[in-house]
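Taking it in order: structure first as structure tokens, then the write-up.
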Amino acid sequence: MPACRRTPFSAFLPASLAPALGRCGALLLLGLWAAAAGAADIRLGVLAWLGSEEAEVQWKPLVQELERRLPGHRIQLRQYDLDELSQALQGGEVEFVVTNPGHYVALEAEHGISRIATQVSAPSQDPAHVVGSAVVVLERRRDLRRLEDLRGATLAAVAEDAFGGYQLIWAELLRHGLDPEQGQPRPLFTGFPMPRVVEAVLRGEADAGVLRACLLERLEREGTVPPGRLRVLSPRADVGHCGVTSTLYPGWAFAAARGTDPALSRAVLLALLSLPADEGGQTWSVPADYHPVHELFRELKIGPYAFLRETGWDALWHRYWPWAAGLALLLLGGGLYTLRVEHLVQRRTRELSSALAERHRLEATLRSGQEQMDHLSRLSILGELAGTLAHELNQPLAAIGNYARSLLRRQQAGNLTPEALQQAAAEIASESERAAGILGGIRAFARKRSRVRQPCDLAQLVRESADLLRGIQAKAPAIALEDALPPGGRQVLADPLQLQQVLLNLFKNAWDAQEAVGSDAPIAVSLSAGEGRCRVAVRDHGGGLSPELQQRLFEPFFTTKPDGLGLGLSICKTIIEAHGGELAAAAPADGPGLVLHFSLPLAADGESTPP
Ligand code: ADP
């Protein structure tokens, strides 16, 4: 049998099997498959571009060959035009379709059909370069030589959606600067079958016509067109067998509908690949890449790319509304989130502001309470010292009185010498200054004032406090200052009056403790520095305190004195802590008594805080 001599599909088998299996083996396989699957009708839809009768004639041999290779199957051939074929796929009326490349691409996008083979011309066997178009004109039209000459002419074609019958030439015209949509040339659509186009040109209704490549040659062979009456415009030099004006595109596609059984598709593919070339030299090959057809459609903005023509807002909205809606939702979500965050931030800021205001209010209340306490404490110290204060003031006043009376007596006795007068006046002035000094110190000490921080020389403060104590009570023991502060680290940032209050309190307690045991030893004050701090220690030679009492030393209202308030040390502790220090008590290492000590941070150079 002659068909067994051809083995085109054996090339797709593994090299080891190909020689042994061959085409006869494939037919055996097909037979086995058909037996297993059971005989059934296969509905094959074809595009009848030359009309139903022509299609019957064109595709009947293919149907017969396929039936021979698929035993037990009857193949129903159904002819459709472009729209009917699409509807047939929609309605599930066909398992396979055969159509032109352009229509295939449209149906692939629309109905998900998939190509299993591409028709090729026997001479080239290249499935990617099969379909082309020819522009035919009357031979005698000498004015029509190139595509550009069609400007202003009338161009006949079967239909606007015919791939080889119009669209290939449409794209060629665009590439040559002509646009049929703008009437350059004017299209004249005759409808199928294609020979109507030839008639339009022959009758002079159109200057040129678009035919599928090789149709003119076939019509001339059949005698429908007298040879030499028509010629192909601008024929391509690289295509020899027919006159072709356009670029060549992939051949017709044999495709399976979306729901077709894959086993059936494979069987049909094997049968197609095993077919010999038909009378026109057409056969079937592996499917071609139809990407160039997509490119053509994109260029023409038709088929799956028709949307590219739509540029109005409505069209853009229609095309991109899901994206626009998504974006709008995203923006809305982002906006709502931002608003919520903004709202939370504002609420938190309000809460923080009010908490801060409350804290400032409480601090102010605390500060004013502290100042009140300080003031009361100072008054309390003065109250305790009031008795001796009166005595101290009495002394300068008595001295002043004595000098005044002595002046009077001398003046009455007539022996008031200028020298005596001068000396007495100087003494009176000195005594009154002493009294004024005592009162000034007390007034300053008792004055109500708010918190200040300024660099203070600690040794200076100790001396002034000692003077104040002695000014109030001349019988007070001496204050022995042991100053070990380095020249560059003598100042602390403090409220001088508050530190004076602390020192005076410590001196007074030390004096009380010594008086209780009858000691008139000097109260020792030592100043030392280390690790950025200044340490002050006040040591007395009193009776000291038991460890239990030492623990209660800084409790408010703790006192062992009959007339004591028990507030002095607790206020001192608060003052020292407010300055960043700590007040503590310890038993001296050498003998009886008590050491009260505190340390304060040394002031950096030029550091000060306004009051
Ligand atoms: P007040 O002097 O009014 O009693 P303070 O708070 O100044 O209040 O002192 C509390 C108590 O601490 C004193 O009553 C005393 O018992 C004890 N005290 C303070 N300083 C000394 C000291 N240097 N030696 C012994 N006891 C002291």
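Counting convention: from 1, in listed order, for ligands and their atoms alike.
Using bins of under 30°, 30° to 60° and over 60° for the plane-to-plane angle, the ring pair Y104/Y290 lands in the tilted bin.
Listed by atom number, the atoms of ligand 1 under 4.0 Å from L545 heavy atoms are 25 (C), 26 (N). For ligand 1 and T559, the ligand atoms under 4.0 Å from any heavy atom of the residue are 1 (P), 4 (O), 14 (O). Listed by atom number, the atoms of ligand 1 under 4.0 Å from N505 heavy atoms are 7 (O). Here is the list of ligand 1 atoms found below 4.0 Å of a heavy atom in F558: 10 (C), 11 (C), 12 (O).
Every residue was checked against the side chain to side chain donor-acceptor pair (under 3.5 Å) condition with H291, not counting sequence neighbours, and none meets it. Not a single side chain to side chain donor-acceptor pair (under 3.5 Å) links E431 to another residue, sequence neighbours left out.
By the 4.5 Å heavy-atom criterion applied to side chains, D483 and R490 are counted as neighbours.
Contacts with ligand 1 closer than 4.0 Å are made by side-chain heavy atoms of L594 only, the backbone lying farther away. In L569, the parts holding a heavy atom less than 4.0 Å from any atom of ligand 1 are both the side chain and the backbone.
Residue S570 places no N or O, backbone or side chain, under 3.5 Å from any N or O of ligand 1.
Put simply, part of G566 is less than 4.0 Å from ligand 1, judged by heavy atoms.
Of the possible donor and acceptor atoms, none in the side chain of Q514 sits under 3.5 Å from a partner among the backbone N and O of D540. Put simply, the side chain of H597 never gets that close to the backbone of V538: no donor and acceptor are under 3.5 Å apart.
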